[in-house]
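The structure under discussion appears below in the form of structure tokens.
Here is how names work: the chains are called A, B, and so on, in the same order as the sequence lines, proteins then strands, and each is numbered from 1.
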Amino acid sequence: METFVQQIINGLVLGSVYALVALGYTMVYGIINLINFAHGEVLMVGALTSWTVVTVLAGLGLPGWALLLIGLVAAVIVCSLLNFAIEKIAYRPLRNAPRLAPLITAMGMSLLLQTLAMIIWKPNYKSFPILLPGDPHVVFGAVINNVQILILVATGLTLSGLMYLVNHTRLGRAMRATAENPRVAALMGVKPDTVISATFVIGAALAALAGVMYAANYGSVQHTMGFLPGLKAFTAAVFGGIGNLAGAMVGGVLLGLIESLGAGYIGDLTGGVLGSHYQDIFAFVVLILVLTLRPQGLLGERVADRA
Amino acid sequence: MTRFADATRQQKLVVFIGAAVLLCILPFVVQTAGNAWVRIIDIALLYVLLALGLNIVVGYAGLLDLGYVAFYAVGAYMLGLLASPQLTDTFASFKNAFENGLHTPWWVVIPLGALVAGGAGVLLGAPTLKLRGDYLAIVTLGFGEIVRVFMNNLDAPVNITNGPKGITGIDEISIFGVSLGKTQHFFGLEWPKVTNYYFLFLLLVIFAVIICYRLERSRIGRAWMAIREDEVAAKAMGINTRNLKLLAFGMGATFGGVSGVMFASFQGFISPESFSLQESVMIVAMVVLGGIGHLPGVIVGSLLLAALPEVLRYVAGPLQQMTDGRLDASILRQLLVALAMIGIMLSRPRGLWPSPEHGRLRAPGAETPPTSQGPGGELPVKLPHGELPPARQIPPTTGHIVPTER
């Protein structure tokens, strides 16, 4: 029972990170039908930026939460600018190119960001300081620490904020219109380029938040750290139904739960043949199953016929 | 410039013989500068083989496969298990059955590698048939990762793949008693290992090119391209899209499997590290950068991406000193590949050397192709209103339907 609750907590925390990143994928895919392969790398840049800021400012004697906040703000700013630039330089010129071209550029961009990060921050693992010390709290026999609580709360707030933005503001309406049909939206006075840029910036801010929290929770940062969360977040987006915001959230949280429960119990279930190091394949097995059985995803409406 | 296709038979023959002679002399010339250079060519040839295989899947059938390296791994690990001390060390029963160690000969291993990888390709293709485009890309990517995770972890509870440490001591291929791994002497020339393998790889690449060339012009090839351009229309024309897509996956995987076998025997050592996603991305990049679906383009693309970064190693030394050790050869290589992927796609979205027909017909404002009876041409006979022309007078099209891009 304690293991179960513990795995649920871990799953929710991991799922929150996936959900935040998945939103970036799903918004971009919904509007310009592109898998932004570099999105996971944005998370990585966010985490590394905040690490730099936090370690540089550590000597000032600021309290941990203030450091974390400053690191987060810096990460959000850097990532937003970065993603804005990526879209402008690498994706915009290819909007009417053959479909594979932007995908290849996206993969190239992912590789480029990883390499640049390796050059700037060096390839070693760096430990992220513990900024919110304090004894872990016990819930039903399982433990949860301050950072994990913060992750759950921050994710919840951000997601509701995003839902409000998309459903009740002018920009949100423009985004939905562009996703529906960019040409008609343009005729109605929406500027698709602005909307697409805004989408990339919002996605980057969410990824930066996810990156900082991921780093704070797992305590280490490195230039390859964005790859797997990015890939799994995309899986989560597909799981929930790509292009659908609520779907990305549900998909992210579910995927996090499946992974951590799976990793927690696979050893017992298979009599020790497969261990928790198989955690990474759950996401892909889920992905293959979902796409085979329900290609439009859990909450997707559209039949996957637009490729 | 006269196009190659318009050249006479004799001219073509001259070109072919010239190329053949050049390719045969090449390793012996390069050898004088050091075997390391021949080795680079060998690796580049392996990549050509891989890219040709992926080109069947991505270029002809239009199925974006990001897990292609999994088949490469399947081939490599198959040889690794069947021709190294790995299995005999792990299982006592194997040790008893093969007293001299497990040494499977090449004429078993190569077809078996092709078969196993092809089977894996069909196996992967089966559940993904319904998917298209980006979804397919991500599922194949997941498949590649699953294979890698298994390779990494199948050292416990039973040690099969030896985990991250990899398999060592893989046999070199020996043909009719001549070991390709040892330096041989023929015709008064020295044939070191890299040169022996050069000829083996070259033969395989030529064989692969012939297969691809014939496939491209066959009923199957045309059906694949029809599926690529519009799957629904292809289906409506009576093409069995399911079987053909499976066939494309299988054929592509076969090439990957054979390359894997070659890689394992050439290196003598394999570990999961060689089969990372980056490798898959690299192969896709070769196909797409060169010119997707166009054989010469694919070959040029793979040679460029495989060989150029190696050459840069020699530039990297001083650069590394200048930048305080931050820019070493492998980082520089990654940086260049990444920049090439972005830069070439931005400046030439169809690749460096795209298929000519496509470019000509698709480019906006391009003149109609110089055929007398093209789609834009006039009907050969004027008919009275309301009467259908006799069937044989309907002008044939050039065979290329202008696809509608979204």
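- The two residues A:Gly108 and B:Ala338 have their closest heavy-atom pair at O-CB, 3.5 Å.
- Of the inter-residue distances, the one linking B:Leu66 atom CG with A:Phe37 atom CZ reads 5.0 Å to the nearest 0.5 angstrom.
- Residue with the most contacts toward chain A among B:Ile292, B:Val288, B:Asn152, B:Leu339: B:Val288 (heavy-atom pairs, distance under 4.5 Å).
- With a threshold of 4.5 angstrom between heavy atoms, B:Leu141 approaches chain A through side-chain atoms but not through N, CA, C or O.
- A distance of 10.5 Å separates CE of B:Met341 from CG of A:Leu112, quoted to the nearest 0.5 Å.
- Residues A:Leu111 and B:Val337 are in side-chain contact: their nearest non-hydrogen atoms beyond the backbone lie under 4.5 Å apart.
- Both the backbone and the side chain of B:Val139 come within less than 4.5 Å of a heavy atom of chain A.
- Between B:Gln278 and A:Met107, every side-chain heavy-atom pair lies at or beyond the 4.5 Å cut-off.
- Between chain A and the residues B:Val281, B:Val284, B:Asn153, B:Val149, the largest count of heavy-atom pairs under 4.5 Å involves B:Asn153.
- For the residue pair A:Ala90 and B:Leu346, the shortest heavy atom distance occurs at O-CD2, 3.6 Å.
- Counting heavy atoms of neighbouring residues, nucleotides and ligands inside a 6.0 Å radius, atom CZ of A:Phe84 does not exceed 12 of them.
- Between chain B and the options A:Ile104, A:Leu287, A:Ile35, heavy-atom pairs under 4.5 Å are most frequent for A:Ile104.
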Report task. Decide side-chain contact (heavy atoms from CB on, under 4.5 Å) for B:Ile342 and A:Met109; before the verdict, give the C-alpha distance in whole Å, the side-chain angles of both, and the deciding distance to 0.1 Å. Result -> CA-CA 7 Å; B:Ile342 299 169; A:Met109 199 41 98; 3.9 Å; yes

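- A:Leu231 touches chain B through its side chain: at least one heavy atom from C-beta onward sits under 4.5 Å away, while N, CA, C and O do not.
- Within the 4.5 angstrom heavy-atom criterion, only side-chain atoms of A:Leu103, from C-beta onward, approach chain B.
- When side chains are defined from C-beta on, B:Leu277 counts as touching A:Phe227, because their heavy atoms get closer than 4.5 Å.
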